Number of protein chains: 2
Amino acid sequence: MSDLLERLRGRGWRLTAQRRVVAEVLDGDHVHYTADEVHARATERLPEISRATVYNTLGELVSLGEVLEVSTDGRAKRYDPNAHHDHQHLVCSRCGTIRDVHLDSDPLAALPVPERFGFQVSEVSVTYRGICPNCHSHS
Amino acid sequence: MSDLLERLRGRGWRLTAQRRVVAEVLDGDHVHYTADEVHARATERLPEISRATVYNTLGELVSLGEVLEVSTDGRAKRYDPNAHHDHQHLVCSRCGTIRDVHLDSDPLAALPVPERFGFQVSEVSVTYRGICPNCHSHS
DNA sequence: TTCTTGACTTAGACAATGTCCAATGTAGGA
DNA sequence: TCCTACATTGGACATTGTCTAAGTCAAGAA
């Protein structure tokens, strides 16, 4: 993700301190923060950054395809910087922990053509739910 | 779904006008209303029904396994009465239309054991996204 | 049938998440 | 360095959902 800023500048992004900080917070492969968590972490480095800017920047990163938006629970959306590696998510029903997982087969292939009802299907997301080892041993 | 009320009574549910109306609104196999849509439709039959009761009743139906909660977009959750037939969802990215679809293979099988990280996986939901024929022809 | 009671419903306050806008600031090209 | 189009800010507002205290009622008991 270190070249993310370069890539963005190449697309005409104006590079501001706020955008840099948001991108830095998202740096890492297995991070799934909510917008508020991103804001809290960004605030540690740049105290005046506003909520609106964090929302704007996250939205832009999503539009640019650099970050994925994940909504696993109907609560706050989470932002996943691991957008360039196909993966799905495994969520603990108890504590909410999220893990990236990789599948054996392409889930698109599991949807037969007659079941596509003429849609041009372009995307699929799979969410597995269960109890994580930690929650399980504490139950 | 006509015997839903019987089933619920058998489980000790007190049968009220409000609950009956909510269940009637959800009657049908391919319905995916938000809580507010359920409330609007319920209000047509029972003008005094409150939002809180609609939320309570939907929550109870979900706990009882009679209705599925679906959150496809991070906005309002939708309620799917087709809980007794395994299925997944196909969503139009343009207009938000939702269709129930049936898969060729069990998506649980696509997650290799080493990718389960010790979770006891009990549930999987798959959401396909694309452009529906109607939106496609109008574009 | 009437009574009783605990479960149900209600209105509205509150909470969590996200969006919008007018005023102000600033990155980067000329 | 200066300009200006784009970015940021704070706060109001919108949407969705939760909670509570007070009133209401379904259904079993007598």
Side-chain angles (χ1 to χ4, degrees), chain A residues 5-25 32-43 45-64 66-80 96 98, chain B residues 5-25 32-43 45-64 66-80 96 98:
Chain A
L5 295 177
E6 271 317 307
R7 247 180 295 152
L8 295 175
R9 199 204 303 261
R11 301 209 212 179
W13 239 41
R14 184 181 283 187
L15 195 42
T16 66
Q18 291 83 349
R19 286 173 169 182
R20 192 171 10 241
V21 166
V22 168
E24 281 170 12
V25 167
H32 302 91
Y33 294 143
T34 64
D36 260 11
E37 287 166 353
V38 172
H39 181 235
R41 285 172 170 77
T43 297
R45 307 190 191 195
L46 189 64
E48 335 77 59
I49 191 172
S50 74
R51 271 179 3 107
T53 294
V54 171
Y55 276 100
N56 287 342
T57 305
L58 290 172
E60 287 155 9
L61 290 170
V62 170
S63 302
L64 293 171
E66 296 290 347
V67 164
L68 295 177
E69 210 171 53
V70 182
S71 48
T72 53
D73 61 347
R75 307 291 307 275
K77 291 176 196 157
R78 294 180 171 273
Y79 294 88
D80 180 343
I98 303 179
Chain B
L5 295 177
E6 272 316 309
R7 248 180 295 151
L8 294 175
R9 200 205 302 263
R11 301 206 210 181
W13 240 40
R14 183 182 284 185
L15 195 43
T16 67
Q18 290 84 350
R19 286 173 169 180
R20 189 168 15 237
V21 166
V22 169
E24 282 171 11
V25 167
H32 302 92
Y33 294 144
T34 65
D36 260 11
E37 287 166 352
V38 172
H39 181 235
R41 285 172 169 76
T43 297
R45 307 189 191 197
L46 188 65
E48 336 77 60
I49 191 172
S50 73
R51 272 182 0 110
T53 294
V54 171
Y55 276 100
N56 287 342
T57 305
L58 290 172
E60 288 155 8
L61 289 170
V62 170
S63 302
L64 292 170
E66 297 290 346
V67 165
L68 294 178
E69 210 170 53
V70 182
S71 48
T72 53
D73 62 346
R75 309 289 308 274
K77 291 175 197 160
R78 294 180 172 272
Y79 294 89
D80 179 344
I98 303 179

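Chain naming here is simple, since letters A, B, ... match the order of the sequence lines and numbering starts at 1 in each. Predicted, not measured: the structure shown is a model, and the values here were computed from it.
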| query | Would you find a donor on one side and an acceptor on the other, under 3.5 Å apart, between the side chain of B/T34 and the backbone of B/E37? | reply | yes

Scoring nucleotides 19-30 of chain C by protein non-hydrogen atoms under 4.0 Å (B base, S sugar-phosphate only, - none) yields BB-----BBS--

Here the distance between atom C1' of C/dT9 and atom CD of B/E48, to the nearest Å, is 11 Å

* So, B/H39 side chain and B/Y55 main chain: donor-acceptor pair closer than 3.5 Å or not? -> no

Is it the case that the side chain of B/R11 and the backbone of B/L64 share a donor-acceptor pair, with hydrogens and angles ignored and the cut-off at 3.5 Å? yes

Given 3.5 Å as the limit, does a donor-acceptor pair link the side chain of A/R19 with the main chain of A/R14, or not? yes

Chain A reaches DNA chain D, atoms under 4.0 Å from its heavy atoms, from D/dA5 to D/dG10

note: A/E69, atom CD; C/dG18, atom C1'; distance rounded to Å ~ 11 Å

Here the distance between atom P of C/dT9 and atom CZ of B/R20, to the nearest Å, is 11 Å

Does a nitrogen or oxygen in the side chain of B/S50 sit under 4.0 Å from OP1 or OP2 of C/dT9? no

With the side chain counted from C-beta on, respond yes when A/L8 and A/L61 share a heavy-atom pair under 4.5 Å apart, and no when they do not. yes

- Given side chains that start at C-beta, do those of A/T57 and A/W13 come closer than 4.5 Å, heavy atoms only? yes

Smallest heavy-atom separation, A/Y33 atom then A/V25 atom, equals CE1-O, 3.8 Å

Original post:
Are any non-hydrogen side-chain atoms of B/R41 and B/T43 less than 4.5 angstrom apart?
Top reply: no

